[in-house]
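Fair warning: this is a prediction, and the values are worked out from it, not measured in the lab. In each ligand, atom 1 is the first atom listed, and ligand 1 is the first ligand listed.
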Amino acid sequence: MTTLTDIRSAYPALRQTINGHPLTYLDSAATALKPTPVIEAVTAYLRENGASVHRSVHTLAERATEAYEAARADVARFIGAAAPETVVFTRGATESLNLVAYGYARRHLAPGDEILLTPAEHHSNLVPWQQVALATGARLVYVELEPDGQLSLEAVRAALSERTRLVAVTQASNVLGTINPVAEIARLAHAVGAVVVVDGAQSVPHLPVDVTALDCDFLAFSGHKLGAPTGIGILYGKPERLEETEPLLFGGEMIQLVERERSTWADPPAKFEGGTPNVAGAIGLGAAVRFLEGIGMATVAAHDRELAEEAYRRLAAIDGVRVYGPPAPRTGLVAFNIEGVHPHDVAQVFDAEGIAIRAGHHCAQPLMRWLGVAATARASFGPYNGPDDLDALVRGILATKRYFSRGSR
Ligand code: PMP
C-alpha cells in the first residue's frame with residue numbers, strides 16, 4: 001500500500017518553505033504539483049531525444065513517436081476509451097472544448113436548436129457555446145441547480161426536448177465540489193438525440209472516469225491538473241463524432257493529400273493535431289496517468305472526498321465562515337468566504353503562512369452570481385494532501401480572522 005508519506009516524497013515542490021513555513025499546497029484544482037516520474041520522463045525526452053514525431057525515419061524520431069503514441073495509449077486506458085485513436089492531444093480543456101464548439105457544434109447546429117448548460121459551468125465550457133449560439137442561431141438553455149448546488153436529474157429531464165442538440169456539462173464543479181450524474185444525463189440526452197460534451201477538467205484528476213461507461217460523446221480535460229506540464233490536454237471523442245468534427249488547425253501533419261486548390265484530412269486523431277505537437281507534454285501526461293494508476297484512482301477519489309468532506313465540516317463549524325455547495329458527496333475542494341474579508345485578502349494572509357489557496361471568481365461568473373457573491377476563497381486537494389493540511393487550512397482561517405479583527409478595531 002502506498003502511504004501518504006510515500007506519495008508526498010514523490011513531489012519535490014513540497015520540500016520547500018514559503019515565507020518561513022513549510023509549503024502547504026491547497027490549489028490543486030487550479031493546477032496540480034508535478035511528481036518526480038513526470039519530471040524525469042519530460043527531462044529524459046528533452047535530454048536524450050527532443051525530436052519531433054511522425055516525420056523522420058531516424059532513430060530519435062522513431063523513439064519520440066513511440067513515446068508520444070504510448071502516452072496516447074496510456075491516456076486511453078486511463079479513461080476507459082476503446083481505442084487510442086479516440087484520444088486527441090490538445091493544449092488543454094479549453095482548447096478541447098473549443099475544438100468541439102468550432103469543429104462539431106458550429107457545423108451541426110441551426111436556428112431553433114438548443115444547447116443545454118448549467119449555471120455552474122467554467123467559462124471554458126460556457127463562452128464557446130455562447131459563440132456557437134451567436135454563429136448558428138441556436139439557443140442556450142440553463143438547467144437550474146438545486147438550492148445546495150446539486151444538479152437534479154429531474155431538472156435535466158424537464159429541460160431536455162427534441163430541440164436539444166447538445167448538452168455541455170461539467171462532471172465535477174470547480175467551485176461547488178459537486179459531482180454530476182453524467183452517465184444518467186447522457187442517457188437522457190441521447191434519448192432525445194442530443195450529443196453530450198463532458199467537461200472533465202475537475203473530474204479526471206480526482207475520480208475514476210470511464211468514457212465507455214459514461215457513454216459521453218466528448219470528454220475534455222487538462223494534463224496540468226493531473227500532474228503533467230501545462231500546455232497539454234485531451235479531447236476524447238466517440239469515433240463517429242470525431243469523423244463528424246472538422247479540424248480547428250489546418251496545416252502540417254493533419255492532411256492526407258494536399259493539392260493546389262484543396263486538401264483532404266488524415267484520419268482522427270492526426271486530423272486534429274496540425275503542426276508539431278507538444279511531445280514533451282504528451283510524454284509527461286503519460287507519466288502522470290501511470291503515476292496516478294499506481295496509487296489507484298479509487299484510492300485517490302476516496303482520499304480527496306474524505307479530505308473535502310472533513311474540510312467542509314471543520315470550516316462550516318467556524319463562526320463567520322460560509323462554505324459553498326453541499327456537505328457531501330464532494331470532490332476534492334471546498335470554496336468558502338470569511339465574513340467581512342475579501343477572498344483576495346484571505347489568500348494573502350494564507351500565503352504569509354505558507355499556504356497556497358485560490359481566490360477569485362474561479363472562471364465561473366454566472367455561478368458567483370447564482371451564489372450571490374463576487375468571489376470566494378478555495379482550498380483544493382491532491383493525492384499529496386493529508387490531515388496536516390486540513391489543520392493548516394483551519395490555522396489560516398483563524399489567522400485571517402485574527403488579522404482582520406485587529407485591523408478593524
Ligand atoms: N473546466 C473546469 C471545470 C476547470 O476547472 C478548468 C480549469 N480551471 C477548465 C475547464 C479549463 O482548463 P484549462 O484552463 O486547463 O484549459
- Message: Show me which atoms of ligand 1 lie under 4.0 Å from any heavy atom of N174.
- Response: 5 (O)
- Centroid-to-centroid, H54 to Y68, below 6.0 Å? yes
- Looking only at protein heavy atoms, which one is nearest to atom 16 (O) of ligand 1, and how far off is it? T94 OG1, 2.6 Å
- Query: Any non-hydrogen atom of H224 lying under 4.0 Å from ligand 1?
  - Reply: yes
- Message: So is N125 touching ligand 1 or not, going by heavy atoms under 4.0 Å?
- Response: no
- Message: So for K225, does at least one of its heavy atoms come nearer than 4.0 angstrom to any atom of ligand 1?
- Response: yes
- Mind checking whether C363 has a heavy atom under 4.0 Å from ligand 1? no
- Ring centers of H123, H361 separated by less than 6.0 Å: yes
- Query: Please walk me through it: do Y11 and F291 pass ring pair (Phe, Tyr, Trp, His ring centres under 6.0 Å)?
  - Reply: CA-CA 11 Å; Y11 290 88; F291 181 78; 5.8 Å; yes
- Item | ligand 1 versus H362: contacting region, heavy-atom distance under 4.0 Å | neither
- Task: Could you check atom 12 (O) of ligand 1 against the protein and tell me its nearest heavy-atom contact, residue, atom and distance included?
- Result: S222 OG, 3.5 Å
- Query: Among protein heavy atoms, which sits nearest to atom 1 (N) of ligand 1, and what does the distance come to when rounded to 0.1 Å?
  - Reply: D199 OD2, 2.5 Å
- Residue and atom name of the nearest protein heavy atom (relative to atom 5 (O) of ligand 1), distance in Å to one decimal: Q202 NE2, 2.7 Å
- Pairwise distance CG(D6) to OG1(T2) - rounded to 0.5 angstrom: 6.5 Å
- The residue among K238, R241, R187 that forms salt bridge (Lys or Arg N to Asp or Glu O under 4.0 Å) with D215 is K238
- Going by the angle between their ring planes, with limits at 30° and 60°, are F350 and F336 parallel, tilted or perpendicular? tilted
- Could you tell me whether A201 approaches ligand 1 through its side chain, its backbone, both or neither, with non-hydrogen atoms closer than 4.0 Å? side chain
- Considering only non-hydrogen protein atoms, determine which one is nearest to atom 4 (C) of ligand 1 and report residue, atom name and distance to 0.1 Å. H122 CD2, 3.2 Å
- For R63, look at atom CZ and say whether over 12 heavy atoms of other residues, nucleotides or ligands are found less than 6.0 Å away. no
- Query: Is L4 close to H303 at the side-chain level, that is, under 4.5 Å between some pair of heavy atoms?
  - Reply: yes
